There are 2 protein chains.
Amino acid sequence: MLTERQQQLLEFLKEYHTNNGLMPSTREIQEFFGFASQTAAVSHLRALEKKGVIQKVPGKARALVFPEQLDREEIVDVPIYGQIAAGMASETEQANEGCLSIDIASLGVPRSAKTFALKVRGDSMIDAHIMSGDCVILELKEPRRGDIVAALIDGETTLKRYVINDGMPYLQAENELYPDLVPVRELVIQGVMVALLRRGEGMVA
Amino acid sequence: MLTERQQQLLEFLKEYHTNNGLMPSTREIQEFFGFASQTAAVSHLRALEKKGVIQKVPGKARALVFPEQLDREEIVDVPIYGQIAAGMASETEQANEGCLSIDIASLGVPRSAKTFALKVRGDSMIDAHIMSGDCVILELKEPRRGDIVAALIDGETTLKRYVINDGMPYLQAENELYPDLVPVRELVIQGVMVALLRRGEGMVA
DNA sequence: AATTGTTGTTGTCTTTCAGTAAGCATATGA
DNA sequence: TCATATGCTTACTGAAAGACAACAACAATT
């Protein structure tokens, strides 16, 4: 569908955009390709627009848009704070181990929600089909009974199901081999699980 | 950290950007807020830059960038074609039921990979901890033994584990209640599972 | 009391930048 | 063969847009 040259141009646009966060002007395109005229760049852009891979907003500077980008939902950056059941004693200690960028609609959380992610270690939630190595996405909010939560219980953080019995909240593992955790002193809920991402080639059991 | 007014300005920038795919000019900001001068907009932008929430590229038009956006990995749009084990007889029939935008690094697939997603229905893969309602992300590539694949077997599409025994490939469910599927006529692999996304409030067992 | 930050105003100046007109050579398909 | 798409060139225009100077009122610190 696209010619060789048009492909090169599109490539340049994408690269420029990811590097600089904005689109090149026609003169910058001209310079990059070594054109003697900016009109060459303009006509190429026109061709790309006719083929639907870009959209132009007439009269405005650097006003090129990739159509996919427009009907995309808003992307949020979910920071990965670390592994669960390992450290993270204080809430401010944000051992940011990377980020997870995903559109907000896929998570099913409101735009205002504060979210973060933790990597699961261990198999205490295996009966809820949460595997070791999975990445759980949590929202900072009040837990309801039955929610899966990351909680700081007596100094250690774990992922468990939040249960209330006789007005007494405690944590329940989803694995017969693990006991219930009844808080001795404190029970601080750090987040409520809203989504889960399993990734990589490690899909082999 | 930000003042009321600066918050409003940032809000406007984000909204304008998601709506139009590009940044407003200082004069557009001026007009939106009803300033009598564009310098007001400029000085606000300067303040936002000093506080680190935006970056400006001097001399260029509409050259405002959100810093997070810059160190973000490239976002790919994974189309959701439909439910597994339901329809999707032909490969071209793309009942696009929405999209999943996620940064490519989180998926662990090469940039060139062709990916798509399917919503799982049924519990035949429950022992691999894939639940009904989960969204599996698949890549178009050759399966290796042990991979979880979406396959068209004798006219129907299912998600199963790809096994080879005595040089004979067949499909295996991860649930004792389901039998192995040995292809009678044909076995077309539609994609190899590379990631899984479980979302929504339905985290309650 | 002096300084700095916020939120503005009236101006002017200059560069960036998109857009157009007119032309030319080579392909590709009808 | 005639039309149409591609891939360029030179030359010009005018609007879009950033940048700066100078000033002013008001808060919050130092």
Side-chain angles (χ1 to χ4, degrees), chain A residues 1-70, chain B residues 1-70:
Chain A
M1 183 177 183
L2 292 185
T3 67
E4 180 82 18
R5 205 65 165 145
Q6 288 166 359
Q7 195 70 48
Q8 285 173 25
L9 216 98
L10 184 63
E11 193 99 357
F12 173 64
L13 292 184
K14 285 194 171 164
E15 194 177 306
Y16 189 103
H17 183 257
T18 51
N19 287 339
N20 307 290
L22 53 113
M23 285 299 196
S25 68
T26 54
R27 270 155 247 254
E28 282 169 333
I29 298 172
Q30 170 195 351
E31 199 176 342
F32 178 84
F33 285 97
F35 295 149
S37 71
Q38 49 139 334
T39 317
V42 171
S43 64
H44 271 122
L45 290 180
R46 248 197 282 267
L48 285 180
E49 186 174 29
K50 205 165 66 178
K51 294 191 175 180
V53 293
I54 61 166
Q55 264 175 251
K56 293 210 293 172
V57 186
K60 288 180 180 170
R62 296 169 185 272
L64 305 173
V65 195
F66 300 117
E68 328 106 59
Q69 189 189 99
L70 266 181
Chain B
M1 183 176 183
L2 292 186
T3 67
E4 180 82 17
R5 205 65 164 145
Q6 288 166 359
Q7 196 70 48
Q8 286 172 24
L9 216 96
L10 185 62
E11 193 99 357
F12 173 64
L13 291 184
K14 285 194 172 166
E15 194 178 308
Y16 190 103
H17 182 256
T18 51
N19 287 339
N20 307 289
L22 53 114
M23 285 300 196
S25 68
T26 55
R27 270 157 245 252
E28 282 170 334
I29 298 172
Q30 169 195 352
E31 199 176 343
F32 178 83
F33 285 96
F35 295 148
S37 71
Q38 51 137 333
T39 318
V42 171
S43 63
H44 271 123
L45 290 180
R46 249 195 283 267
L48 285 180
E49 185 174 29
K50 205 164 65 177
K51 294 191 175 180
V53 294
I54 62 165
Q55 264 176 249
K56 293 210 295 173
V57 186
K60 288 180 181 173
R62 296 168 186 272
L64 305 173
V65 194
F66 299 117
E68 331 104 59
Q69 189 191 98
L70 266 181

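Letters A, B, ... are given to chains in the order of the sequence lines, protein chains preceding strands, and every chain is numbered from 1. Since we're looking at a predicted model, the values are computed, not measured. Hydrogens, waters and symmetry mates are skipped; everything else that's a heavy atom, side chains included, is used.
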- Interatomic distance, A:F35 atom CZ to A:R27 atom CZ [nearest 0.5 angstrom]: 14.5 Å

- Message: Heavy-atom nearest nucleotide on DNA chain C for B:A36 versus A:R46: which residue maps closer to 5'?
- Response: B:A36

- Message: Between C1' on C:dT16 and CD on A:Q30, what's the gap in Å once rounded to a whole number?
- Response: 13 Å

- Note on the structure: Result for 5'-nearest mapping on DNA chain C, choosing between B:A61 and B:M1, is B:M1

- What is the 5' to 3' range of DNA chain D, first to last nucleotide, that sits under 4.0 Å from any heavy atom of chain A? D:dT6 to D:dA17

- Message: Please determine whether a side-chain nitrogen or oxygen atom of B:Q6 lies at a distance below 4.0 Å from atom OP1 or OP2 of C:dT7.
- Response: yes

- Query: When all nucleic acid strands are considered with a 4.0 Å heavy-atom cut-off, which category describes B:S25: base, sugar-phosphate, or nothing?
  - Reply: sugar-phosphate

- Task: Name the closest nucleotide to the A:V42 side chain, picking from C:dT10, C:dT20, C:dT7.
- Result: C:dT20

- Query: B:R27 near the nucleic acid: base, sugar-phosphate alone, or nothing, with a heavy-atom cut-off under 4.0 Å?
  - Reply: base

- Task: Using atom CD of B:Q7 as one end and atom C1' of C:dT7 as the other, report the distance to the nearest whole Å.
- Result: 16 Å

- Describe the nucleic acid contact of B:A40 in one word from base, sugar-phosphate, nothing, applying a heavy-atom distance below 4.0 Å. base

- Message: Students often get this wrong, so: under 4.0 angstrom with heavy atoms, is B:T3 touching a base, only sugar-phosphate, or nothing?
- Response: sugar-phosphate

- Which one, C:dG19, C:dT6, C:dA18, comes nearest to the side chain of A:P58? C:dG19

- Taking for each residue the nucleotide of DNA chain D with the nearest heavy atom, is it A:K51 or A:Q38 whose nucleotide lies nearer the 5' end? A:K51

